Number of protein chains: 2
Amino acid sequence: MNAETATRKSFRREGEDKRREDLIAATLECVAERGLAGATVREIAQRAGVTAGLIRYYFPTKDELIGAAYRAVMQRMTVQASDALRSANDDPRARLYAFVTANLGQPIMDPHNLSLWAGFIALVHADPAMAAAHRDGYLGFRDELEILIRDALLSARAPAESRHTRSHAIAINAIIDGLWLEGCLAGDIFSDGELAETGISAIEAVLGISLKAEGGAP
Amino acid sequence: MNAETATRKSFRREGEDKRREDLIAATLECVAERGLAGATVREIAQRAGVTAGLIRYYFPTKDELIGAAYRAVMQRMTVQASDALRSANDDPRARLYAFVTANLGQPIMDPHNLSLWAGFIALVHADPAMAAAHRDGYLGFRDELEILIRDALLSARAPAESRHTRSHAIAINAIIDGLWLEGCLAGDIFSDGELAETGISAIEAVLGISLKAEGGAP
DNA sequence: GCTCTATTTATGCAAGCGTATAAATACTCC
DNA sequence: GGAGTATTTATACGCTTGCATAAATAGAGC
């Protein structure tokens, strides 16, 4: 009952990891909702339930927070795709099939993910650190894909020398990226699963093998 | 030699079209160089050689200028691709070939274009007008592609019903977009023309026809 | 329970933003 | 060549931004 009712906000001290995660999550929410421009330190802080000053305690500068958020997005998508692999780990062709359909369906193919990704990509050209982060993610993805492709080809008794698998990986990576883009941007003009089907068919054509049955090429 | 040396900047009155083009060009320079955040009205005006206030005379709000700039980028890329078509307008398969290689080479496959495109795409999700602008551009591109595909298939005496050409257009559009992306982001890790070649091969596989010679499928 | 420190709040600042508006001026038309 | 107008400059306002800093406090360790 003091005359000075200027009560300070009560708070809890959280572990460092937890706070960083919360701040990154809040950042992603902001970017997804109103674009990179909407991700101000004040907005992020409010969404994370803390005051703005705290951000600087965990991230020396806002750009570092943004960069951390970008890495988190990429990692999240990568993990989700790998999860799909772990669910169907028997036949190599089925594994490639699962990998592709996972990347072309929920929750990876989502407008929010695209907004985040595009916002960051726009910075890649200006920020070398961001560019390096991107390249690592891209090459990692392609390497994983190339292994899946090689195993699928071998399983179908098709030639799988590295000079073939490399260009196949480039092409199939493009198919996945391109369809992912189309789906994120205008998912409503495609029927359910249409893009995943289209992708599988195109990839089967490129590789010259079937991914659905064990029969291999007819 | 007046004591009041506060001389006003001298200026020329330009035609409305010229000014709008200049302002859009200046905007694109800013976005390409330092991202959307670097495209401030003051910076844009300076680069266009005018004062900031003038922007508002031609564009009621900054967002409208940004939107106009986005449409200009898309149109520029579309026109460049169409130019390639006009240079090789004999055989339908050669036309498709030319269209693909044009989109996967200079000047379309360029990091600047990607920065511009990505910066704008990040806004699509938040801004309905931008979303409409994008959808129009995308569907226009895909329609043009679908016609090229149909003609190429017919020329090779392959089935070309619309339900086939539609899904082919989706897949091939994805291949082009995906490879364009890869090239823009990391062009230096690919040899010259590698991506265009990869794209052509993948597209030939999807369509089941050859695009290089007149011989059709073997 | 007291102390000490890492964590958090609160406040302020300087810079830059988009926009508004009035004054100046280059060009057009008679 | 003089009047009128469309175009352009110049200036200022109100906001928001990222960042800095000092004061407060929650929770751990003795």
Side-chain angles (χ1 to χ4, degrees), chain A residues 2 4-27 30-31 33-69 119 123 126-127 129-130, chain B residues 2 4-27 30-31 33-69 119 123 126-127 129-130:
Chain A
N2 202 330
E4 309 225 342
T5 23
T7 56
R8 245 172 185 253
K9 179 187 177 193
S10 80
F11 61 90
R12 280 187 50 205
R13 305 173 98 171
E14 293 283 359
E16 176 170 338
D17 291 349
K18 175 70 160 55
R19 271 281 189 257
R20 294 178 82 93
E21 280 171 28
D22 285 352
L23 289 174
I24 288 175
T27 304
C30 291
V31 176
E33 240 172 68
R34 307 200 296 120
L36 255 186
T40 68
V41 287
R42 285 169 175 82
E43 181 74 24
I44 292 168
Q46 183 180 351
R47 211 172 283 248
V50 298
T51 53
L54 189 62
I55 288 181
R56 224 177 83 77
Y57 185 78
Y58 287 100
F59 298 93
T61 177
K62 186 196 164 186
D63 285 344
E64 302 225 19
L65 170 56
I66 299 289
L123 300 181
D127 183 348
M130 215 76 145
Chain B
N2 202 331
E4 309 225 344
T5 22
T7 57
R8 238 169 192 257
K9 179 186 178 192
S10 79
F11 60 91
R12 280 187 49 205
R13 303 172 98 174
E14 293 282 1
E16 176 170 337
D17 291 350
K18 176 70 160 55
R19 271 277 188 261
R20 292 178 83 93
E21 280 171 28
D22 284 352
L23 288 174
I24 288 175
T27 304
C30 290
V31 176
E33 241 172 67
R34 314 204 346 251
L36 256 186
T40 69
V41 288
R42 285 167 176 84
E43 181 74 24
I44 293 168
Q46 184 181 351
R47 211 172 281 248
V50 298
T51 52
L54 189 61
I55 288 181
R56 226 176 84 77
Y57 184 77
Y58 287 100
F59 298 93
T61 177
K62 186 197 166 188
D63 286 343
E64 303 225 20
L65 170 56
I66 298 289
L123 299 181
D127 182 348
M130 214 72 149

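Here the structure is a predicted model, which is why all the values come from computation and not from measurement. Order of the sequence lines fixes the chain letters, A, B, ..., with proteins taken first and strands second; residue numbering starts at 1 for each chain.
Considering only side-chain N and O atoms, A:Thr51 lies nowhere under 4.0 angstrom from the phosphate OP1 or OP2 of C:dA10. In this model, the phosphate group of D:dT8 is not approached by any side-chain N or O of B:Tyr57 to a distance below 4.0 Å at OP1 or OP2. Side-chain N/O atoms of A:Tyr58 include none lying less than 4.0 angstrom from OP1 or OP2 on C:dT7. Regarding contacts with the backbone of D:dT16, every side-chain N or O of A:Thr40 stays at 4.0 angstrom or more from both OP1 and OP2.
No more than 12 heavy atoms of other residues, nucleotides or ligands shown are found within 6.0 angstrom of CD on A:Gln46.
Residue A:Ile55 contributes atom CD1, which lies 9 Å from atom P of D:dG18 at whole-angstrom precision. Spacing between atom CZ of A:Arg56 and atom P of C:dA6 amounts to 17 Å, rounded to whole angstrom units. If you take CZ of B:Arg42 and P of C:dC17, they are 6 Å apart, rounded to a whole angstrom. Computed from coordinates, the B:Leu54 CG to C:dA20 P distance equals 15 Å when rounded to whole Å. Across the protein-nucleic acid pair, B:Gln46 atom CD and D:dA10 atom P stand 13 Å apart, rounded to whole Å. Computed from coordinates, the A:Glu43 CD to D:dG18 C1' distance equals 15 Å when rounded to whole Å. Following rounding to the nearest Å, A:Ile44 (CD1) and D:dT16 (C1') show an atom-to-atom distance of 14 Å. C:dG16 atom C1' lies 11 Å from atom CZ of B:Arg34, rounded to whole Å.
When all heavy atoms of B:Glu14 and B:Tyr58 are compared, the pair lying nearest together is O-OH, 4.2 Å. Residues B:Thr51 and B:Ala45 share a closest heavy-atom pair of C-CB, 3.7 Å.
In this structure, the side chain of B:Thr40 engages the main chain of B:Glu43 through a donor-acceptor pair within 3.5 Å.
By the 4.5 Å heavy-atom criterion applied to side chains, A:Phe59 and A:Val41 are not counted as neighbours. Proximity of B:Arg19 to B:Val50: side-chain heavy atoms (C-beta onward) are separated by under 4.5 Å at one or more points.
Near DNA chain C, defined here as any heavy-atom distance below 4.0 Å, the residues from residues 9-25 of chain A are A:Lys9, A:Phe11, A:Arg12, A:Arg13, A:Glu14, A:Arg19, listed numerically.
When each of B:Thr61 and A:Gly49 is assigned the nucleotide of DNA chain C bearing its nearest heavy atom, the one mapping closer to the 5' terminus is A:Gly49.
No hydrogens or angles were tested; on distance alone, a donor-acceptor pair under 3.5 Å links the side chain of A:Arg8 to the base of C:dT9.
Comparing atom distances between the B:Val41 side chain and each of C:dT19, D:dG18, D:dT9 picks out C:dT19 as nearest.
In this structure, CD1 in A:Ile66 is found 6.0 Å from OG1 in A:Thr27, a value given to the nearest 0.5 Å.
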